Amino acid sequence: MKLNPGQIFLAAFLVNNIILMRFIGLCPFFGVSTSVSTSIGMSAAVLFVMLLASWVSWVLYHALLLPLGLVFLRTAVFILVIAALVQFVEMFLKRYIRNLYSAMGIYLPLITTNCAILAVTFFNINYNFNLLQATIFALGTAGGFALAIILFAAIRERLEDAPISPAFRGYPIAFIGAALVSLAFMGFTALFGIS
């Protein structure tokens, strides 16, 4: 089914949300969603890396790997691109936004192994998106990532003050909350006929 740009964005943002519907990129989702401010910073970093990784990997695939018959190298090339971009973001935050750099801790370098970013580069190729469609898809996916992690961080902040049994405090209640939010997102299935 051919999708217009608005449908591509909506499909990536809500219907096939990368975290809550595809269950990709769960490590930063659980690790950084302890506060809204940290989640916003992580979302901005993921948006930057995801968008640039989509552009660079798309160009490298269509201008170099495909014409030279080196498609089998795409996983290694895409990972190298993502690692270089994450290194750039890390250096930028360490120099200019030190508080956010400290708050993200180990999860900032983990963007390198964030399955969501690698998945988007592969989806762009597998869905035969042109560069504009790949850009819209990356924006929608990063927006969906931001929506999910910020929404979940707000829930987790409220749960800190809730009267919860000590056995459920921390990650157990986080997993239960994530499952409930994911169930709520199932309501977007087939929204406007998008699958």
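This chain uses plain numbering: 1 for the first residue, then up along the sequence. Since we're looking at a predicted model, the values are computed, not measured.
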Review point. Where do H62 and I125 land on the side chain to side chain contact (heavy atoms under 4.5 Å, CB included) test, with the steps shown first?
Key: CA-CA 9 Å; H62 287 91; I125 302 302; 3.9 Å; yes
Check your understanding: For the atom pair OG (S39) and CD1 (I149), what is the distance rounded to the nearest 0.5 Å?
Key -> 4.5 Å
Practice item. Measure from the ring center of F145 to the ring center of F29 and say whether it is less than 6.0 Å. Key: no
Review point. Where do T34 and R156 come nearest, in terms of heavy atoms and distance?
Key: CG2-NH2, 3.9 Å
Exercise for review: Tell me, with the steps shown, if L180 and I155 meet side chain to side chain contact (heavy atoms under 4.5 Å, CB included).
Suggested key: CA-CA 11 Å; L180 293 174; I155 292 171; over 6 Å; no
Check your understanding: Would M21 and T189 count as a side chain to side chain contact (heavy atoms under 4.5 Å, CB included) if you check the C-alpha gap in whole Å, the side-chain angles of each, and the deciding distance to 0.1 Å?
Key -> CA-CA 9 Å; M21 296 305 290; T189 302; 3.9 Å; yes
Review point. Going from CD on E160 to CD1 on I173, what distance comes out if it is rounded to the nearest 0.5 angstrom?
Key: 11.0 Å
Review point. Is the backbone N or O of A154 less than 3.5 Å from a side-chain atom of E157, with the two atoms forming a donor-acceptor pair by type?
Key: no
Practice item. With the side chain counted from C-beta on, respond yes when Q7 and L10 share a heavy-atom pair under 4.5 Å apart, and no when they do not. Key: no
Exercise for review: With the side chain counted from C-beta on, respond yes when F168 and S165 share a heavy-atom pair under 4.5 Å apart, and no when they do not.
Suggested key: yes
Practice item. Taking the side chain as every heavy atom from C-beta outward, state whether L64 and L70 have any pair of such atoms under 4.5 Å apart. Key: no
Practice item. Could you grab the distance from atom CG of L26 to atom CD1 of I18, nearest 0.5 Å is fine? Key: 10.0 Å
Exercise for review: Could you state whether M42 and M91 fall into the same hydrophobic cluster, counting links through intermediate Ile, Leu, Val, Met, Phe, Trp or Tyr residues with side-chain heavy atoms under 4.5 angstrom apart?
Suggested key: no
Review point. Is there a path from L80 to Y61 through hydrophobic residues (I, L, V, M, F, W, Y) whose side chains come within less than 4.5 Å of each other?
Key: no
Study note, to complete from the structure: When every non-hydrogen atom of A53 is compared with those of L85, the smallest separation belongs to N-CD1, 3.4 Å
Practice item. Assign the ring pair F123 / Y127 to parallel, tilted or perpendicular, where the plane angle (0 to 90°) is split at 30° and 60°. Key: parallel
**Study point:** Close side-chain approach of L93 to R98, heavy-atom, < 4.5 Å
**Key:** no
Exercise for review: Using the rule that two of Ile, Leu, Val, Met, Phe, Trp, Tyr join whenever any of their side-chain heavy atoms come within less than 4.5 Å, decide whether F92 and F48 are in one cluster.
Suggested key: yes
Point to revise | Backbone of L20 reached by a side-chain donor or acceptor of S182 within 3.5 Å | key: yes
Check your understanding: Checking R74 side chain against L60 main chain: does a donor-acceptor pair fall under 3.5 Å?
Key -> no
Check your understanding: In terms of hydrophobic clusters joined by side-chain contacts under 4.5 Å, are I176 and V181 together?
Key -> yes
**Study point:** Any I79 side-chain heavy atom under 4.5 Å of L118 side chain
**Key:** yes
Practice item. Carefully, step by step, assess I24 and I19 under the rule side chain to side chain contact (heavy atoms under 4.5 Å, CB included). Key: CA-CA 5 Å; I24 300 173; I19 291 177; over 6 Å; no
Revision key, fill the gap. Scanning both residues in full, the closest heavy-atom pair of L47 with A142 reads CD1-CB, 3.5 Å
Review point. Just by modelled atom types, is the F129 backbone N or O under 3.5 Å from a matching donor or acceptor in the W58 side chain?
Key: yes
Revision key, fill the gap. Between R169 and L159, the two heavy atoms sitting closest are NH1-O, 3.6 Å
Exercise for review: Check whether L66 and V77 end up in the same hydrophobic cluster, where Ile, Leu, Val, Met, Phe, Trp and Tyr are linked by side-chain heavy atoms less than 4.5 Å apart.
Suggested key: yes
Check your understanding: Any side-chain heavy atom of V81 sitting closer than 4.5 Å to one from L52?
Key -> no
Study note, to complete from the structure: Here the pair of heavy atoms bringing F30 nearest to A178 is CZ-CB, 3.7 Å
Review point. Can you tell if the side chain of W55 reaches within under 4.5 Å of the side chain of V59, non-hydrogen atoms only?
Key: no
Review point. Just how far is it from atom OG1 of T141 to atom CZ of F9, taken to the nearest 0.5 Å?
Key: 9.0 Å
Review point. Is the number of heavy atoms from other residues, nucleotides or ligands under 6.0 Å of F122 CZ greater than 12?
Key: yes
Review point. What pair of heavy atoms forms the shortest contact from S54 to V120, and how long is it?
Key: OG-CG1, 3.4 Å
Review point. Roughly how far, to the nearest 0.5 Å, is the OG atom of S57 from the CD1 atom of I82?
Key: 7.0 Å
Review point. Is there a side-chain contact between N16 and R22, using heavy atoms and a 4.5 Å cut-off?
Key: yes
